[in-house]
Amino acid sequence: MKRTLSLLLTAALLLSCAGLLSGCGKEETVTLRVYCEGDLIRSSLMDEFSKETGILVEYTTGNSTLENGMNLTEDEEDATDSAAFSSGVSPELTEEELAALEAEEAWEALSLYDRLQQRYSDYEEALAQAEADGAETESVTLEEPVYDVVFTSGDVIEQLIEAGLVQTLDYSKLSNADAINEEYQNCDYDPGGVYSVTTLWQMMGLLWNADYIDAQITSWNTLWAEEYAGQILMPSDLRDAMAVALTSLGYSVNTENGDELAEAWALLNQQSALVQDYTAAEGFSKMTEGTAWLTPAYSGDALNMMSDNTALSFAVPVEGTWRISYGYCVVEDTSYSEEALKFINYMCQVENLAKNAIYCKYSVTSDEALEKMDSSWRNNPLAYPDESVIEGTELLSFNGSDTWTEYVTQWAELLESKAAGTAEEPDGSEETETTSEAESEASDS
C-alpha cells in the first residue's frame, strides 16, 4: 500500500506569503517529490527545509529495506482499501475502484528502477501507437518523472546510472557534501560521486533471539543448521540472499564468476526447506515478536529491532561481511534540479547528517557528523565498529552480468514455491556434511 507522507506546510507558507504580500501569489510553489527506500529521512528535517526555503516536500517510502515502524502506520482508509482488494470482492467497491486498487498494487510492486523507467516505456508505446494510427507523433510527449530526488542503496544507484535515469550533480551547489568522508565520495558504483551523495551505510551480520538460541552465533553456516529449521528468515531480495551465500563460501559479494554464482545458488536451494520465510519489511515484526529466531540483518535494521526486543543479539560472522551504502540522486529530466540540489545540500549539513543517522539508526558517512553525536551513540560498536571489523569489506554493487540474470527468474520461482509450501527438501546428507565441516572450520579459526 502506498505510503506517501506529504509534508505540505500550509500554515507556515501562508505566514511567509503574508510577509511577501502580492509577490507570493505570483510565484510558483514547488513541491519536491522525494522517494526513499525505507523510512530513512527524518520528517522534522524536511519540515525545517520547507520552512527555510518555501519548497514543499512530498515524501514517499518504499519497502526494499526493513521498515522500522517510524512514521509508517497506514491510515484506516488505506487499511480498508487493502483488505477489500485482498479479498477480491466487496459490495462497497465498483469495478473501476477495484481496477484502481489493482493498478496501485501493481505500481507498489515495481522496483525504483522500473518506476523511473516506466515513463520511457509508456512514451515508446504511445509513439508506436501513434505511428500505427497514422497520427502526428509530435503530439506524443514524454511525461515528467514520478520523483525528483531519490535516496536509495548503492547497488540500485549503479543500476540507475547505467540506465541514464539520474543526472550528474553540480557540486558548486552542494558545498555541504564536503563533510562526507573521502571513501564515500568515491564509491566503486559511482567513482568521484558524479551522480550521488552517499550519507549512510550499514554492515551485514546475523541477528538471533537469545531466548531460543543460547549459543553465540559465529558463522554464516548457522543459517544452514537443521536444528533451526523453520525458525530461519532469509532476505526476499536476491542480491542480499546471494551475498550471504557467497560470503559463507569465501567469495566476493560482487563476483561475476559463473562458477562461484552457481555454487552460491546451489547453497540457497539447499537451504530453502529450512527457511521459514523470505522477507523484507515483515521480517522486522517476526524477529521482534519472536516468531522467528535467526536472520541475516544489516546493522542499522538490527539496532532498530534490538530496541524493540532486548533478547535479540547481533554479530558479524567469522567469515566476514560486506557493507551497503545509501545516497541521494537527482532524477534525470526533473523540472526541479535546482530545488533538488538545495534539498540534498540541506540534508548534508553536518548537524542534519548526525540527526538523520540517529533517527534511522544507520551509520553516517561523515566523521564531522559523528563528532556531533552523543558519545553513547558515537561509540556504539554495532553502528560504528572497530576498524578491524570492517577493514577490507566490500560495498555491495549492482550485478548486471548475464550469469546473474539467469537466477532472477529462478529466484522468483523459489519464492513462489516457498509461499505455496512446495519448496524441495535439500539432500540431507549433503547438507549435514556441509554444515558440520563449516562449523568445524569456524571453531578452528
Restricting to non-hydrogen atoms, name the atom on V316 and the atom on M204 that form the minimum distance, rounded to 0.1 Å.
CG2-O, 4.3 Å
Spell out, as yes or no, whether a donor-acceptor pair under 3.5 Å connects the side chain of N380 to the backbone of S376.
no
Main-chain N/O of T288 paired to N309 side chain as donor or acceptor, under 3.5 Å:
yes
Enter the distance from L200:CG to C360:SG here, rounded to the nearest 0.5 Å.
4.5 Å
Give a yes or no answer on whether the side chain of N379 reaches the backbone of S375 with a donor-acceptor pair at less than 3.5 Å.
yes
Would you say Q410 and N269 are linked by a side-chain donor-acceptor pair, where the criterion is simply a distance under 3.5 Å?
no
Verify the distance criterion only: is there a donor paired with an acceptor across the side chains of Y59 and D39 at less than 3.5 Å?
yes
Whether the W322 and Y298 side chains hold a donor-acceptor pair (N or O, under 3.5 Å, no angle test) is what I'd like checked.
yes
Smallest separation among heavy atoms of D333 and P145, with atom names
O-CD, 3.8 Å
Neighbour count >12 (heavy atoms, 6.0 Å) for atom NZ, K286:
yes
What verdict does the side-chain contact (heavy atoms from CB on, under 4.5 Å) test give for Q117 and L110, after you've listed the backbone C-alpha separation in whole Å, the side-chain angles of each residue and the deciding distance to 0.1 Å?
CA-CA 10 Å; Q117 187 68 42; L110 292 178; over 6 Å; no
For E256 and T403, test the side chains for any donor-to-acceptor distance below 3.5 angstrom and give the result as yes or no.
no
Answer yes or no: is there a side-chain heavy-atom contact under 4.5 Å between T321 and T247?
no
Parallel, tilted or perpendicular: which fits the ring planes of W265 and W411, with parallel below 30° and perpendicular above 60°?
perpendicular
Quick one: which of T365, D367, T198 gives a side chain to side chain donor-acceptor pair (under 3.5 Å) with N181?
D367
Using atom types as modelled, flag every donor-acceptor pair under 3.5 Å from a side chain in residues 392-399 to any protein atom, sequence neighbours excluded.
unit_1 : atom_1 : unit_2 : atom_2 : d
T393   : OG1    : R323   : NE     : 2.8
T393   : OG1    : I390   : O      : 2.7
E394   : OE1    : S252   : OG     : 3.0
E394   : OE1    : V253   : N      : 3.2
E394   : OE2    : S252   : OG     : 2.7
S397   : OG     : N254   : OD1    : 3.0
N399   : OD1    : S401   : N      : 3.2
N399   : OD1    : S401   : OG     : 2.8
N399   : ND2    : T255   : O      : 2.8

CD of E351: more than 12 outside heavy atoms within 6.0 angstrom?
yes
Taking atom types as modelled, find out whether N221 and S219 have a side-chain donor-acceptor pair closer than 3.5 angstrom.
yes
Is it true that atom CG of D402 has more than 12 heavy atoms of other residues, nucleotides or ligands lying nearer than 6.0 Å?
no
May I ask you to decide if G320's main-chain N or O and W220's side chain share a donor-acceptor pair within less than 3.5 Å?
yes
Donor-acceptor pair, distance only, cut-off 3.5 Å: does the side chain of D190 make one with the backbone of E158?
no
What's the shortest heavy-atom distance between V330 and L169, and which atoms?
CG2-CD2, 3.7 Å
Taking all non-hydrogen atoms of both residues into account, name the closest pair between A302 and A297 and its distance.
CB-CB, 4.4 Å
What I'd like to find out is whether the side chain of D374 reaches to under 4.5 Å of the side chain of I358, using heavy atoms alone.
no
Side chain proximity check, L267 to Q270, heavy atoms < 4.5 angstrom
yes
Angle between ring planes, Y362 versus Y326, binned at 30° and 60°: parallel, tilted or perpendicular?
tilted
Go through the side-chain N and O atoms of Y35 and D148 and say whether any donor and acceptor fall under 3.5 Å apart.
no
How far does CG of D178 sit from OG of S366, to the nearest 0.5 angstrom?
10.5 Å
If we only count heavy atoms from C-beta on, is the L116 to V331 side-chain gap below 4.5 Å?
yes
Pair I157, C329 - check side-chain contact (heavy atoms from CB on, under 4.5 Å), show working.
CA-CA 8 Å; I157 289 172; C329 297; 3.9 Å; yes
Is it true that, when you exclude E95 itself, more than 12 heavy atoms of the residues, nucleotides or ligands shown sit nearer than 6.0 Å to its CD?
no
Nearest 0.5 Å please: distance from the CD atom of E58 over to the CE atom of M46.
11.5 Å
Can you see which heavy atom on I232 is nearest to which on Q271, and at what distance?
CG2-NE2, 4.3 Å
Are the side chain of E260 and the backbone N or O of L249 linked by a donor-acceptor pair below 3.5 Å?
no
From the options R378, K372, M373, select the one residue that forms a side chain to side chain contact (heavy atoms under 4.5 Å, CB included) with V364.
M373
Is any side-chain heavy atom of T295 closer than 4.5 Å to one of L223?
no
Side chains of N186 and E182, donor plus acceptor under 3.5 Å:
no
Candidates N352, I344, V350 - the one meeting side chain to side chain contact (heavy atoms under 4.5 Å, CB included) with C348
I344
Take atom CG in D188; do more than 12 heavy atoms of anything else shown fall under 6.0 Å from it?
no
Answer yes or no: is there a side-chain heavy-atom contact under 4.5 Å between E263 and Y251?
yes
Rounded to the nearest 0.5 angstrom, the OG-CG distance for S121 and D114 is 8.5 Å
Give me the one residue out of Y147, F151, Y346, Y195 that meets ring pair (Phe, Tyr, Trp, His ring centres under 6.0 Å) with Y328.
F151
Measure the spacing between OH of Y228 and CD1 of I213 and express it to the nearest 0.5 Å.
4.5 Å
Donor-acceptor pair, S363 side chain versus Q202 backbone, under 3.5 Å?
no
Side-chain heavy atoms of R115 within contact of E108, under 4.5 Å
yes
For I180, does its backbone N or O pair with a side-chain atom of Q185 as donor and acceptor, under 3.5 Å?
yes
Please lay out, stage by stage, how I324 and D155 fare under the test side-chain contact (heavy atoms from CB on, under 4.5 Å).
CA-CA 8 Å; I324 188 168; D155 55 320; 4.1 Å; yes
Atom pair CG/CG of L303 and L382 - distance to nearest 0.5 Å:
5.0 Å
V166 vs S196 side-chain heavy atoms within contact, under 4.5 Å
no
Strictly by modelled atom types, are Y359 and S44 linked by a side-chain donor-acceptor pair under 3.5 Å?
no
For a quick test of reading the model, state the closest non-hydrogen atom pair linking N209 to A311 and the distance between them.
OD1-CB, 3.5 Å
Check for a donor-acceptor pair, side chain of K361 on one end and backbone N or O of S307 on the other, with a separation under 3.5 Å.
no
Sequence-distant partners of E144, side-chain hydrogen bond (donor to acceptor under 3.5 Å, both in side chains), two or more places apart
S335
With side-chain hydrogen bond (donor to acceptor under 3.5 Å, both in side chains) as the test, would you mind laying out the steps for S325 and Y189 before giving the verdict?
CA-CA 10 Å; S325 58; Y189 56 81; 2.7 Å; yes
